[in-house]
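The structure appears below as structure tokens.
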There are 2 protein chains.
Amino acid sequence: MHQLKQHIEKITPISDKEFEYILSHFTSKKLRKHQYVIQEGELVTHDHFVLKGCLKAYHLAKDGKEHILQFAMEDWWVTDYQAYFKQSKATIHIDCIEDCELLTLSLHNREKLCSEMHKIEHFFRKKSNAGYVALQQRILSLLNSSAKEKYEQLLKLYPQLFQRVPKQLLAAYLGVSRETLSRLNASNK
Amino acid sequence: MHQLKQHIEKITPISDKEFEYILSHFTSKKLRKHQYVIQEGELVTHDHFVLKGCLKAYHLAKDGKEHILQFAMEDWWVTDYQAYFKQSKATIHIDCIEDCELLTLSLHNREKLCSEMHKIEHFFRKKSNAGYVALQQRILSLLNSSAKEKYEQLLKLYPQLFQRVPKQLLAAYLGVSRETLSRLNASNK
DNA sequence: AGTTTTATGTGATGTAGATCACATATTATT
DNA sequence: AATAATATGTGATCTACATCACATAAAACT
């Protein structure tokens, strides 16, 4: 079965006909490692469903430091949502950290599908709710915890990241310096 | 016009009949300052729309420190969403920091309205999207910034808070000690 | 296979902000 | 109005983590 169909059916059943129709609103995109999906300042027109690969969404601070907002792997969605929903210019960057296969969905097509198919509006509401909850948890983790605790929480939540993503990027996600993270690794064994 | 109707119509128009039907799914609740809406460990059954007043949603760390996830004022929604969507036990507290008037909505009624009225599902999707974007911005602010910058960003975004909420609570929201915040105030003038 | 690039480890030193301690306002409560 | 409770201010000290500097190791490219 198609990966996206499977993904949608975790929330709502859809027929093959319906899925075919839905899929026709996406376009596919292949990118190599180090290529970008979104760059700061560019108009954000599409949301991206990850079929394969891994990406990072990050903000570049004036001092050149990268602050990672989100990683995205198989079955995740990623874009600059602020810019996407407002159809305005990106304030973040999104880069491939592995070769990637994406399905892209324009805001127009998203809204079209949502208004034509109540099921799809339901699907996106549920996804958005889940995302909201996950971000709240992350905020609590950022407020609460020492570098060590944050790191442990991240590894517990997304053990796959540890394998796939350079540790300096995990540090940039946690808001900790790569040196501190390295020392945590040393002491944790 | 009813405050909730006005609120919904910022996203989608509804007739008086429709609104009457929607409203019949809410119940109203009045609470005094210092009373609680949700306590850690209790089952979370309802979402809350604030008609009047101000609340804080916070996590209590083991060391007794309060980490504020969210404030809620007029026209905001607040609950422990993680627990609410899973119909499970709260991991956070929500208290009134002023006398409050709330409209409460059970998950059952929320889902009922969403499935009966496509418009309402649309409304909640849009609200959730906006919330997601706001949380992303907050995460970037937490990752990026010094205590001073975070404080300035907060005051720019929600100047009302400065008037209504004790500064030690703003500190707990920013993840900064109240002493540090006080020193920022002193130097900023 | 060799060379460049990128990632990681580890010591020495610096610093923003926490914590502690207590004084002073401000706000509730009787 | 008096008293209690809560909020804020401010100095002195401490500490987790950042930053800098350089060594080592692992990928990536030719």
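Fair warning: this is a prediction, and the values are worked out from it, not measured in the lab. Just so we're on the same page: letters track the sequence lines, and every chain starts at 1.
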Note, Leu102(B) side chain near Val78(B) side chain (heavy atom, < 4.5 Å): no
Going by the rule side-chain contact (heavy atoms from CB on, under 4.5 Å), which residues pair with Glu9(B) if we only count those two or more places apart in sequence or in a different chain? Met1(B), Lys5(B), Pro13(B), Ile14(B)
Listed nucleotide nearest any side-chain atom of Ser177(B), set dT19(C), dT19(D), dA18(D): dT19(C)
Any donor-acceptor pair, under 3.5 Å, between the side chain of Arg178(B) and the base of dT6(D), if you only look at N and O atoms? no
In Å and rounded to the nearest 0.5 Å, what is the NE2 to CG distance from His48(B) to Leu55(B)? 9.0 Å
When you measure from the centre of the six-membered ring of Tyr151(A), is the NZ or CZ of Lys148(A) under 6.0 Å away and within 45° of the axis? no
Could you tell me the separation between the NZ atom of Lys148(B) and the P atom of dT15(C), rounded to a whole number of Å? 18 Å
Please report the distance, rounded to the nearest Å, between NE2 in His34(A) and P in dT4(C). 19 Å
Result for 5'-nearest mapping on DNA chain C, choosing between Ser182(A) and Asp63(B), is Ser182(A)
Once you round it to whole Å, what is the distance between P of dT6(D) and CD of Glu98(B)? 17 Å
Going by number, which of residues 162-176 of chain A have a non-hydrogen atom under 4.0 Å from DNA chain D? Gly175(A), Val176(A)
When every non-hydrogen atom of Gln153(A) is compared with those of Ser141(A), the smallest separation belongs to OE1-OG, 2.6 Å
I'd like to know if Arg32(B) pairs up with Asp99(B) as an ion pair, taking the criterion as any Lys NZ or Arg NE/NH1/NH2 lying under 4.0 Å from an Asp or Glu carboxylate oxygen. yes
Test the Arg138(A)-Tyr173(A) pair against the cation-pi criterion, namely NZ or CZ under 6.0 angstrom from the six-membered ring centroid and within 45° of the ring axis. yes
How close or far is atom C1' of dG17(C) from atom CG of Leu184(B), stated in whole angstroms? 10 Å
Under a 4.0 Å heavy-atom cut-off, which of residues 139-147 of chain B touch DNA chain C? Ser146(B), Ala147(B)
So, the side chain of Glu74(B) versus the backbone of Gly53(B): is there a donor-acceptor pair under 3.5 Å, distance only? yes
Can you tell me how far P of dA7(D) sits from CG of Asn185(B), to the nearest Å? 16 Å
Length of the line joining Ile97(A):CD1 and dT6(C):C1', which is rounded to integer Å: 14 Å
So, is the end of the Lys127(A) side chain (NZ or CZ) under 6.0 Å from the ring centre of Phe124(A) and within 45° of the ring's axis? no
To the nearest angstrom, the OH-P distance between Tyr151(B) and dG17(C) comes to 14 Å
Would you please confirm or rule out a distance under 4.0 Å between OP1 or OP2 of dT19(D) and any side-chain N or O of Lys65(A)? yes
Rounding to a whole Å, what distance do you find between Lys33(A):NZ and dA28(D):C1'? 8 Å
Ignoring the backbone of Glu179(B), work out which of dG9(D), dC20(C), dT19(D) is nearest its side chain. dC20(C)
